[in-house]
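All values below come from the heavy atoms of this structure, side chains included, with hydrogens, waters and symmetry mates left out. Quick caveat, the model's predicted, so the values are computed rather than measured.
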Amino acid sequence: MGKTSFSGLSEDIPDVRTVVWSILLMTDQIRSYRYAPLQGAAWWVLALGDSLTGKAFPERDEARERLRKKLLRLGISRNRQEWVWDEAERVQLVLLTYFDYDEACRAKDLLDIDDVPLRIALKPGDEE
(Lines give C-alpha, C1' and ligand atoms only; values in the text may rest on other atoms or scores of the structure.)
Protein backbone atom coordinates (compact mmCIF):
# COMPACT_ATOMS: atom_id res chain seq x y z
CA MET A 1 0.00 0.00 0.00
CA GLY A 2 1.48 3.35 -1.03
CA LYS A 3 1.55 6.44 1.10
CA THR A 4 -1.43 8.76 1.01
CA SER A 5 -0.24 12.34 0.72
CA PHE A 6 -2.30 15.41 1.47
CA SER A 7 0.14 17.81 -0.15
CA GLY A 8 -1.09 19.41 -3.34
CA LEU A 9 -4.77 19.27 -2.35
CA SER A 10 -6.95 22.20 -3.27
CA GLU A 11 -7.16 24.99 -0.72
CA ASP A 12 -10.92 24.32 -0.83
CA ILE A 13 -10.30 21.05 1.07
CA PRO A 14 -8.19 22.07 4.07
CA ASP A 15 -9.74 19.62 6.49
CA VAL A 16 -9.14 16.24 4.82
CA ARG A 17 -6.35 15.42 7.27
CA THR A 18 -8.60 16.45 10.16
CA VAL A 19 -11.33 14.08 8.96
CA VAL A 20 -8.85 11.20 8.56
CA TRP A 21 -7.41 11.96 12.00
CA SER A 22 -10.89 12.07 13.57
CA ILE A 23 -11.79 8.67 12.14
CA LEU A 24 -8.49 7.12 13.27
CA LEU A 25 -8.85 8.66 16.74
CA MET A 26 -12.44 7.45 17.19
CA THR A 27 -11.54 3.90 16.20
CA ASP A 28 -8.46 4.04 18.46
CA GLN A 29 -10.59 5.00 21.44
CA ILE A 30 -13.18 2.29 20.77
CA ARG A 31 -10.48 -0.33 20.22
CA SER A 32 -8.57 0.53 23.39
CA TYR A 33 -11.75 0.61 25.48
CA ARG A 34 -13.27 -2.56 24.12
CA TYR A 35 -10.39 -4.79 23.13
CA ALA A 36 -7.30 -3.80 25.13
CA PRO A 37 -7.84 -6.36 27.91
CA LEU A 38 -8.11 -9.14 25.30
CA GLN A 39 -5.03 -8.26 23.26
CA GLY A 40 -1.31 -8.92 23.59
CA ALA A 41 1.35 -6.49 22.46
CA ALA A 42 0.44 -2.91 21.64
CA TRP A 43 2.04 -0.86 18.89
CA TRP A 44 2.21 2.91 19.09
CA VAL A 45 2.14 5.38 16.20
CA LEU A 46 4.40 8.15 17.49
CA ALA A 47 4.88 11.72 16.28
CA LEU A 48 8.51 12.79 16.62
CA GLY A 49 9.71 16.22 17.63
CA ASP A 50 13.05 17.82 18.47
CA SER A 51 16.05 16.13 20.06
CA LEU A 52 16.14 16.21 23.86
CA THR A 53 19.84 15.43 24.15
CA GLY A 54 21.48 17.72 26.69
CA LYS A 55 18.31 19.72 27.32
CA ALA A 56 17.17 20.82 30.77
CA PHE A 57 13.58 20.19 31.92
CA PRO A 58 12.25 23.64 30.88
CA GLU A 59 13.73 23.16 27.38
CA ARG A 60 12.20 19.68 27.19
CA ASP A 61 8.80 21.12 28.09
CA GLU A 62 9.21 23.77 25.38
CA ALA A 63 10.09 21.08 22.82
CA ARG A 64 6.97 19.08 23.75
CA GLU A 65 4.85 22.23 23.47
CA ARG A 66 6.29 22.99 20.01
CA LEU A 67 5.33 19.51 18.77
CA ARG A 68 1.86 19.76 20.34
CA LYS A 69 1.24 23.14 18.67
CA LYS A 70 2.58 21.96 15.31
CA LEU A 71 0.23 18.96 15.38
CA LEU A 72 -2.67 21.17 16.46
CA ARG A 73 -2.08 23.47 13.47
CA LEU A 74 -2.32 20.36 11.29
CA GLY A 75 -5.66 19.39 12.87
CA ILE A 76 -4.25 16.65 15.10
CA SER A 77 -4.87 16.79 18.83
CA ARG A 78 -5.47 14.46 21.74
CA ASN A 79 -7.37 15.17 24.95
CA ARG A 80 -4.90 12.99 26.83
CA GLN A 81 -1.27 13.37 25.87
CA GLU A 82 1.03 10.42 26.41
CA TRP A 83 4.67 11.41 25.97
CA VAL A 84 7.31 8.72 25.42
CA TRP A 85 10.92 8.76 26.47
CA ASP A 86 13.30 6.11 25.18
CA GLU A 87 16.73 5.67 23.65
CA ALA A 88 15.73 7.95 20.75
CA GLU A 89 16.16 10.98 23.05
CA ARG A 90 13.50 12.88 21.09
CA VAL A 91 10.14 14.38 21.89
CA GLN A 92 7.65 11.60 21.09
CA LEU A 93 3.87 11.78 21.42
CA VAL A 94 1.62 8.74 21.20
CA LEU A 95 -0.96 9.43 18.51
CA LEU A 96 -2.61 6.01 18.19
CA THR A 97 -2.35 2.52 19.67
CA TYR A 98 -2.87 -0.70 17.71
CA PHE A 99 -2.74 -4.36 18.65
CA ASP A 100 -1.63 -5.36 15.16
CA TYR A 101 1.64 -4.10 13.67
CA ASP A 102 0.29 -3.99 10.10
CA GLU A 103 -2.69 -1.87 11.19
CA ALA A 104 -0.32 0.55 12.92
CA CYS A 105 1.71 0.83 9.71
CA ARG A 106 -1.42 1.51 7.66
CA ALA A 107 -2.51 4.25 10.09
CA LYS A 108 0.98 5.80 9.94
CA ASP A 109 0.80 5.84 6.14
CA LEU A 110 -2.67 7.41 6.21
CA LEU A 111 -1.53 10.23 8.48
CA ASP A 112 1.65 11.01 6.53
CA ILE A 113 2.04 14.34 8.38
CA ASP A 114 3.98 17.07 6.61
CA ASP A 115 7.11 18.10 8.53
CA VAL A 116 6.41 15.71 11.43
CA PRO A 117 8.18 12.36 11.26
CA LEU A 118 6.18 9.36 12.48
CA ARG A 119 7.37 5.98 13.69
CA ILE A 120 5.94 2.72 14.98
CA ALA A 121 7.17 1.49 18.36
CA LEU A 122 6.27 -1.45 20.55
CA LYS A 123 4.74 -0.22 23.77
CA PRO A 124 7.30 -0.85 26.55
CA GLY A 125 6.52 -3.85 28.71
CA ASP A 126 4.55 -5.57 25.96
CA GLU A 127 5.85 -8.71 24.34
CA GLU A 128 5.39 -9.63 20.71
Side-chain angles (χ1 to χ4, degrees):
M1 173 184 223
K3 282 192 171 187
T4 303
S5 178
F6 296 112
S7 59
L9 286 176
S10 166
E11 291 298 318
D12 298 334
I13 313 173
D15 295 328
V16 172
R17 180 183 290 114
T18 304
V19 171
V20 169
W21 168 248
S22 296
I23 292 167
L24 289 171
L25 182 59
M26 284 186 294
T27 57
D28 181 66
Q29 290 172 343
I30 292 167
R31 186 178 40 259
S32 64
Y33 172 75
R34 188 168 185 188
Y35 300 109
L38 308 174
Q39 301 295 327
W43 296 93
W44 283 333
V45 177
L46 300 171
L48 305 178
D50 299 333
S51 170
L52 297 175
T53 304
K55 298 229 166 65
F57 285 111
E59 295 170 305
R60 290 171 179 251
D61 287 340
E62 290 170 8
R64 283 189 282 271
E65 186 63 11
R66 278 193 302 276
L67 178 59
R68 189 191 67 75
K69 285 181 177 179
K70 184 181 239 183
L71 291 169
L72 188 58
R73 282 192 305 273
L74 294 168
I76 296 174
S77 66
R78 299 273 334 220
N79 290 335
R80 190 180 118 236
Q81 296 174 2
E82 189 170 357
W83 298 96
V84 174
W85 180 87
D86 65 12
E87 71 281 349
E89 281 287 317
R90 292 182 76 165
V91 173
Q92 300 179 94
L93 178 62
V94 176
L95 297 180
L96 301 163
T97 303
Y98 287 87
F99 300 105
D100 179 83
Y101 178 78
D102 292 332
E103 287 183 27
C105 289
R106 282 190 292 274
K108 177 184 170 280
D109 289 344
L110 277 173
L111 283 176
D112 189 30
I113 304 170
D114 304 330
D115 301 325
V116 178
L118 301 175
R119 79 176 185 112
I120 307 297
L122 182 63
K123 182 179 176 183
D126 286 354
E127 297 176 9
E128 284 189 68

- Of all heavy-atom pairs between Arg90 and Pro117, which one has the smallest distance, and what is that distance? NH2-CG, 4.0 Å

- Nearest atoms (heavy-atom pairs only) where Trp83 meets Val91: CZ3-CG1, 3.4 Å

- Hey, what do you get for CZ (Arg73) to NZ (Lys69), rounding to the nearest 0.5 Å? 8.5 Å

- Look up atom CD in Glu82 and atom CG in Leu95, then write down how far apart they are to the nearest 0.5 Å. 11.0 Å

- Can you name the residues that form a side-chain contact (heavy atoms from CB on, under 4.5 Å) with Arg60, not counting sequence neighbours? Leu52, Lys55, Phe57, Arg64, Trp85, Glu89

- Considering non-hydrogen atoms only, spot the tightest contact between Ser77 and Leu72 and give its length. CB-CD1, 3.7 Å

- Which pair of heavy atoms, one from Leu122 and one from Ala42, lies closest together, and at what distance? CD1-O, 3.4 Å

- Task: State plainly whether the residues Asp50 and Arg66 are in salt-bridge range, i.e. N to O under 4.0 Å.
- Result: yes

- Task: May I ask whether Val45 and Tyr101 are part of the same hydrophobic cluster, defined by side-chain heavy atoms of I, L, V, M, F, W, Y residues being less than 4.5 angstrom apart, directly or through others?
- Result: yes

- For the residue pair Leu110 and Ile23, establish whether any side-chain heavy-atom pair is separated by less than 4.5 Å. no

- Roughly how far, to the nearest 0.5 Å, is the CG atom of Asp86 from the CD atom of Gln92? 4.5 Å

- Query: Are Leu71 and Trp44 connected in a single hydrophobic cluster, I mean Ile/Leu/Val/Met/Phe/Trp/Tyr linked by side-chain heavy atoms less than 4.5 Å apart?
  - Reply: no

- Of the non-hydrogen atoms in Val84 and Leu46, which two are nearest, and what is the gap between them? CG2-CD2, 3.8 Å

- Message: I'd like to know if Ile76 and Leu48 are part of one continuous hydrophobic network [Ile/Leu/Val/Met/Phe/Trp/Tyr, side-chain heavy atoms within less than 4.5 Å].
- Response: no

- Task: Could you grab the distance from atom CH2 of Trp43 to atom CZ of Arg119, nearest 0.5 Å is fine?
- Result: 10.5 Å

- Query: For Leu96 and Leu24, which heavy atoms make the closest approach, and how far apart are they?
  - Reply: CD2-O, 3.6 Å

- Message: Applying a strict under-4.5 Å side-chain criterion to I, L, V, M, F, W and Y, I'd like to know whether Ile120 and Val94 cluster together.
- Response: no

- Query: Side chains of Arg68 and Leu93: closer than 4.5 Å at any heavy-atom pair?
  - Reply: no

